[in-house]
Amino acid sequence: MRKGSRVSSNIIMTLVIVWLLIPLLATIIYSLFEDWTGIIPHGFTLANYQKIFTDTAFLTSMYQTLIVCVIPIVITILVVLLGLFVVTVYFPRLEKYMQILCMIPYTIQGVILSVSILILYAKGSTILSGRMTMLIGAYCIIILPHIYNGIRNGMRAVNMNMLLEAAEMLGESKLKAFFKVIVPNILTGITVSSLLAVGLLFGDYVIIRNLSSSNVNNMQKFLYQAMKRSSAEASAVFVVIMLITFAITAIVLTLQSRSTLEKIRNEGK
Amino acid sequence: MAYIRFEKINKFFGSNHVLKDIDLDVEKGQLVTLLGPSGCGKSTLLRCLAGLEQVTDGHIYLDGQEITDVVPRRRGIGMVFQQYSLFPNMSVRDNVAYGLKLKKLPKAEISQKVEQMLEIVGLSEKISQYPAQLSGGQQQRVALARAMVTAPKVLLLDEPLSAIDALLRKNLQIEIRRIQQQLGITTIFVTHDQDEAMVMSDMIHLFHDGRIEQSGTPEEIYTRPATKFAATFIGNYNLPSAADFNRVFHADIPGQDVAVRPEIITLSREAPKAEEGLLVAEGRIPSHISHGNLIRFAVEFDGGLTMNADVVYENKLDFGEGDRVFASLKKDLVIGL
């Protein structure tokens with residue numbers, strides 16, 4: 001009976017996995033063959049990949065995706081780190097307000113956020129009205145809760161106030177001690193949350209479409225344009241995006257399991 | 001002027017008056033213990049000396065200089081905390097070298113000092129390991145090495161042994177005392193454990209409710225408690241009311257209460273020979289507790305007065321429950337409070 005139920009659950013699991021993977025596999029196959037009108041595709045070709053990787057627009061979109069991902073993440077990490085340092089060390093009572101503030105973006109839809117930003121800033125002539133500034137600002141807001149949670153959880157795992165006091169007694173200033181002693185200990189948390197943020201920004205289409213001018217194209221925008229040209233080429237773009245996302249997920253999972261292993265090892269001591 | 005002087009220290013946390021008019025002197029080279037129950041203000045006073053807390057009122061002097069408003073990193077004070085406070089991302093070597101690097105000493109000198117200090121605390125072979133690879137006792141010894149290697153003017157130990165198991169704790173008490181004497185470093189030790197205070201200290205300051213209840217050498221504090229609180233906290237004093245005690249033992253001890261150490265009471269089956277200054281009363285043994293090396297007999301006297309008497313355990317119980325015994329003690333060892 002038990003064996004039978006295990007077999008049936010395995011069958012169900014396999015069916016679900018196949019069901020989920022079919023579209024991905026179909027897209028990969030579609031991008032690798034010239035013709036797929038019958039049951040069996042024929043005419044294997046890498047032309048679609050060759051085409052997109054020689055297309056400067058695609059390479060530019062990859063490069064621009066990287067830029068609009070990295071800058072907001074670096075800014076947000078710095079702001080959250082310094083904010084949490086000041087709040088934890090000098091104003092612990094404000095911590096709950098900081099947490100609420102940082103969680104608010106979870107509830108904001110991309111469309112609402114981008115339209116609100118446009119209404120608020122687009123008409124002005126300050127630096128805040130620049131398309132790039134608005135885009136980076138919007139991305140900072142989107143990833144804030146993820147970065148905040150990653151860093152805060154890392155800080156909870158180390159006894160921050162005591163380590164800072166210990167460093168202070170050895171002759172260090174609090175801020176320097178924070179960067180020399182606390183930050184290296186929460187580096188895994190920072191890395192994991194940054195990679196999650198990269199994944200999030202990588203998949204954005206709504207915000208960049210609304211906020212950026214036509215000369216800023218991320219990979220999602222390129223994908224949308226490719227779909228209009230040729231579905232086989234669009235499939236190739238999709239496969240590249242998917243592989244990059246898989247790679248990011250793999251790195252996140254490896255880092256997370258490594259930090260879990262470390263924790264287990266430390267607790268075991 | 002004393003090496004460390006606290007002058008009229010007051011400290012409030014909100015409306016909570018934690019330290020009340022503390023005056024305290026510490027001489028150079030001594031190991032002084034601040035002893036008291038949790039919440040009595042002993043750790044707060046230590047943190048005020050470290051600069052990790054600001055005093056509300058009063059002055060602190062160290063080596064002739066006022067340091068009341070000096071930031072912690074400029075006070076030249078080393079500290080070991082209750083919990084393990086080693087930097088987890090650094091090896092034992094880097095942890096111990098941290099303070100020396102901040103002093104910008106040459107690399108060779110840092111390396112030599114670190115190795116020397118680790119040898120003193122007996123952890124030379126752990127130099128390349130990380131804190132997570134060490135036991136609790138080893139971590140505290142590294143913390144001690146890290147605090148001492150910079151040759152601070154004062155070493156502060158804030159209950160550093162409270163998270164360590166009993167046997168290791170006893171060894172570390174002796175070890176810390178040995179290292180402190182070897183280096184001649186002025187040390188202030190905070191603990192709530194009276195045995196620990198007895199073993200380690202040159203001087204004990206007993207804290208109670210934000211004030212110093214009594215100061216003295218371990219022997220003075222143990223044998224001559226000045227107040228009922230001191231007698232309750234130190235040792236295992238019997239604390240009957242003076243009226244009850246005087247009635248049972250036909251004595252005339254002045255004061256409200258009397259303090260009698262259980263080990264000064266002698267029990268015997270026969271009435272001891274009468275002599276000058278010997279107080280004797282007859283009672284019954286309702287129960288006893290074994291402490292391994294000694295047996296603590298409860299003795300119930302007429303009128304319900306019960307006192308404990310300690311007898312060194314040799315190889316058999318001298319008295320059983322229900323036995324009638326004579327309890328005798330020297331009058332001059334009885335303390336009126």
Side-chain angles (χ1 to χ4, degrees), chain A residues 77 81 84-86 88-94 150-192 255-269, chain B residues 14 46-47 49-53 70-90 94-105 129-139 142-158 160:
Chain A
I77 287 174
L81 271 179
L84 274 173
F85 167 73
V86 172
T88 315
V89 175
Y90 299 104
F91 308 101
R93 281 184 196 164
L94 296 182
I151 294 178
R152 185 73 202 98
N153 292 342
M155 279 184 180
R156 284 211 178 115
V158 294
N159 191 340
M160 182 165 139
N161 279 325
M162 197 188 55
L163 290 181
L164 288 181
E165 281 181 354
E168 218 182 346
M169 292 309 298
L170 291 168
E172 190 71 278
S173 77
K174 270 199 169 117
L175 188 64
K176 276 191 189 165
F178 178 70
F179 281 101
K180 278 162 80 172
V181 177
I182 306 298
V183 172
N185 283 302
I186 56 174
L187 216 52
T188 314
I190 295 176
T191 317
V192 169
L255 285 174
Q256 271 175 341
S257 65
R258 195 191 295 168
S259 75
T260 315
L261 272 179
E262 265 165 30
K263 246 181 236 164
I264 292 166
R265 211 179 303 144
N266 293 352
E267 278 161 12
K269 281 278 160 187
Chain B
L46 196 78
R47 290 173 61 81
L49 176 57
L52 299 172
E53 298 288 352
V70 176
V71 293
R73 65 176 187 275
R74 305 222 185 284
R75 292 190 182 199
I77 292 175
M79 187 161 179
V80 178
F81 295 81
Q82 184 174 354
Q83 288 161 305
Y84 315 136
S85 60
L86 297 182
F87 307 136
N89 56 315
M90 295 180 201
D94 290 339
N95 262 287
V96 179
Y98 196 95
L100 297 174
K101 282 181 188 161
L102 290 175
K103 286 189 165 182
K104 298 198 165 47
L105 296 184
Q129 299 204 337
Y130 281 81
Q133 297 170 296
L134 304 178
S135 70
Q138 289 169 336
Q139 287 196 40
V142 176
L144 196 65
R146 185 179 67 179
M148 289 190 306
V149 76
T150 53
K153 290 178 181 166
V154 191
L155 177 64
L156 308 181
L157 307 172
D158 188 4

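A note on names: the letters A, B, ... follow the listed sequences, proteins ahead of strands, and every chain is numbered from 1.
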### Query
How many angstroms lie between atom CD of A:Glu165 and atom CG of B:Asp158, to the nearest 0.5 angstrom?
9.5 Å
### Over all atoms of both residues, closest heavy-atom pair of A:Pro184 and B:Asn89
CB-ND2, 3.3 Å
### Message
Quick check: under 4.5 Å, non-hydrogen atoms only, which of residues 70-86 of chain B neighbour chain A?
### Response
B:Pro72, B:Arg73, B:Ile77, B:Met79, B:Phe81, B:Gln83, B:Tyr84, B:Ser85, B:Leu86
### Query
Should the heavy atoms of other residues, nucleotides or ligands under 6.0 Å from CZ of A:Phe91 be counted, would the total exceed 12?
no
### Query
So is A:Lys180 actually on top of B:Phe87's ring, under 6.0 Å and inside 45° of the axis?
no
### Message
Please rank A:Asn159, A:Leu163, A:Leu170 by heavy-atom pairs under 4.5 Å with chain B and give me the top one.
### Response
A:Leu170
### Options A:Glu172, A:Lys176, A:Lys174, ranked by heavy-atom pairs under 4.5 Å with chain B, top entry
A:Glu172
#### Entry: Results of ring-ring contact (aromatic ring centres under 6.0 Å, His included) for A:Phe178 - residues two or more places apart only
A:Phe85
